[in-house]
Structures are given as C-alpha cells and as structure tokens.
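Some notes on the structure that comes next.
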Amino acid sequence: MAQYERNPPLNDADLLPDPLAQFERWLGDAGAAGVLEPAAMSLATVSAEGRPSLRIVLFKGLHDGGFTFYTNYHSRKGEELAARPEAALTFWWDRLERQVRIEGRVERVPRELSDHYFHTRPRGSQIGAYTSRQSRLLEKREELDARLAATEQRFTGQDIPLPDYWGGYRVVPETIEFWQGRANRVHDRLLYTRAGGNWRIQRLEP
Ligand SMILES: Cc1cc2nc3c(=O)[nH]c(=O)nc-3n(C[C@H](O)[C@H](O)[C@H](O)COP(=O)(O)O)c2cc1C
C-alpha cells in the first residue's frame with residue numbers, strides 16, 4: 001500500500017484564484033516530473049438511460065474556458081454526448097500523487113479549430129480518423145486495413161479532408177477539484193465551484 005508522503009500540505013493560499021491556471025500549473029509539474037502521458041484523462045459520459053461509461057482520451061488544451069479533446073462524433077461517447085451533453089474528467093499523475101476532477105457541460109469546439117488540429121496530426125492518423133467508424137462492430141481487422149488502404153489511395157497527392165463526423169469537444173467546468181495525497185490517507189482536497197463570474201474554493205474531507 002503506497003503511503004503518500006511526498007507532498008507538503010496543500011492550502012488555499014497555494015492555489016491560484018483561477019482553477020484553469022492552477023490546472024495548467026499542475027499539468028506542467030506532471031510533465032516536468034516525467035509522467036508518461038500527463039495529458040491522458042478519463043472521460044465519463046452517460047447514456048440517455050443514465051448508464052455511465054468511461055474511457056481515456058487525450059487533453060488537447062484549454063479553449064474558451066473548456067478542456068478540449070478530439071474524437072469521432074459518431075462514437076459511443078459522441079452519441080452519449082449528443083443525448084446528454086455533460087461529462088466528468090479525471091487526471092491522475094502517480095509520480096506527483098495528484099488527481100484533478102472536472103465536471104461540466106460539453107460543447108463542440110468551432111469547426112475551424114477541429115480543422116486546424118486535424119491537419120496538425122500525422123497523415124496516418126488523419127487517414128485513421130477518416131476511415132474508422134469508431135465504436136462500431138468490426139468483423140475482421142483485415143476489413144479495416146483494406147478500407148485504410150482505400151482511403152490512402154483515394155487521397156493520393158491530396159490533403160485528407162476533415163470528416164464531418166470527427167472533431168473536438170470542450171468540457172466547460174462547473175467544478176474542479178485538486179486532490180493531493182497525504183500520509184495516512186488524510187489527503188488534501190480543494191474544490192472550486194463557479195460562483196457568478198468567480199470561483200469559490202472549499203475544502204472537502206478526504
Ligand atoms: C492513452 C490513451 C489515449 C487515448 N486518446 C484518445 C483520444 O484523444 N480520442 C479518442 O477518440 N480516443 C482516444 N483513446 C481511445 C479511447 O479510450 C476509446 O477506446 C475510444 O475513444 C472509443 O471510445 P467510445 O467507444 O466510448 O466512444 C485513447 C486511449 C488511450 C489508452
């Protein structure tokens with residue numbers, strides 16, 4: 001059982017008033033500490049019937065006050081977000097004994113932003129995103145490989161266009177909790193909640 005003894009106490013005074021700036025500071029710390037994939041976050045969505053589902057996606061930056069990620073709009077998560085545009089995110093940086101939890105409503109990012117990001121990706125990833133019908137059943141891997149080859153051939157010498165079924169979302173936070181491990185499981189938890197145009201910071205029991 002790990003004892004979380006690395007961290008000094010986390011106090012309100014250590015936190016920036018803006019949780020997004022505080023998040024960027026912790027994300028930077030995680031990168032500097034050599035966390036393998038500091039941008040990996042768990043994304044929870046809910047079906048129309050209220051059944052939760054969870055998967056990891058990559059955080060791709062803050063945009064207009066929201067946490068962005070990119071995916072297929074027709075995937076399971078995409079369909080769930082179309083029906084219920086709310087989500088929860090969790091980051092866990094083991095080397096720092098830190099967790100961040102975010103909850104909020106979800107919006108698609110502007111098309112221009114998705115288009116820009118899509119074309120920064122390696123061509124192979126663009127072909128993959130164009131071709132994959134994410135979350136659908138696939139009889140055989142070979143069938144997908146053949147479709148990938150067909151996409152490649154179809155766009156020889158041309159840009160891969162951004163498919164209308166692919167792009168970004170942003171999770172606009174209502175709450176953000178910063179959690180830091182402490183000895184004896186008596187961890188520090190500081191919760192930001194939107195209060196008008198500002199943020200209120202409160203401490204939660206571990
Ligand atoms: C480290 C890691 C990063 C991932 N990043 C993404 C991502 O940014 N976007 C994405 O659509 N899927 C990403 N995936 C795959 C998802 O976890 C998931 O398999 C996929 O999005 C389908 O989810 P869904 O069927 O619930 O829609 C990532 C998986 C891992 C393990």
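Side chains included, hydrogens not; waters and symmetry mates left out as well; all remaining heavy atoms used. As the structure lists them, so they are numbered: ligands from 1, and atoms in each ligand from 1.
The option from Ile56, Leu54, Thr71 that lies nearest to atom 2 (C) of ligand 1, judged by heavy atoms, is Ile56.
Here the side chains of Arg170 and His63 are in contact, with some heavy-atom distance below 4.5 Å. For the pair Tyr192 and Phe23, the minimum side-chain heavy-atom distance is 4.5 Å or more.
Of all atoms in ligand 1, numbered sequentially from 1 with element shown, those under 4.0 Å from a heavy atom of Ser135 are 24 (P), 25 (O), 27 (O). Listed by number with element, the atoms of ligand 1 under 4.0 angstrom from any heavy atom of Leu58 are 3 (C), 5 (N), 6 (C), 7 (C), 8 (O). Within ligand 1, counting atoms from 1 as listed, the ones closer than 4.0 Å to a heavy atom of Arg76 are 24 (P), 25 (O), 26 (O), 27 (O).
Residue Gly78 has no N or O atom closer than 3.5 Å to an N or O atom of ligand 1.
Only the side chain of Gln134 comes within contact range of ligand 1, with a heavy atom under 4.0 Å; no backbone atom does. For Tyr70, every heavy-atom contact with ligand 1 shorter than 4.0 Å involves the backbone, none the side chain.
Shown are Leu191, Leu190, Ile176; of these, the side chain to side chain contact (heavy atoms under 4.5 Å, CB included) with Pro19 is made only by Ile176.
Under the side chain to side chain donor-acceptor pair (under 3.5 Å) criterion, Thr71 pairs with Lys77, Gln134, sequence neighbours left out.
When only modelled atom types and interatomic distance are considered, Ser114 and Arg108 share no side-chain donor-acceptor pair under 3.5 Å.
Atom 22 (C) of ligand 1 has as its closest protein heavy atom Lys77 NZ, 3.5 Å. Protein heavy atom at the shortest distance from atom 6 (C) of ligand 1 is Val57 CA, 3.5 Å.
For atom 19 (O) of ligand 1, no protein heavy-atom neighbour is present inside the 4.0 Å cut-off.
Atom CD of Gln22 and atom CD1 of Ile201 lie 8.0 Å apart (nearest 0.5 Å).
A salt bridge is defined here as a Lys NZ or Arg NE, NH1 or NH2 lying under 4.0 Å from an Asp or Glu carboxylate O, and Arg105 with Glu86 fails to meet this definition.
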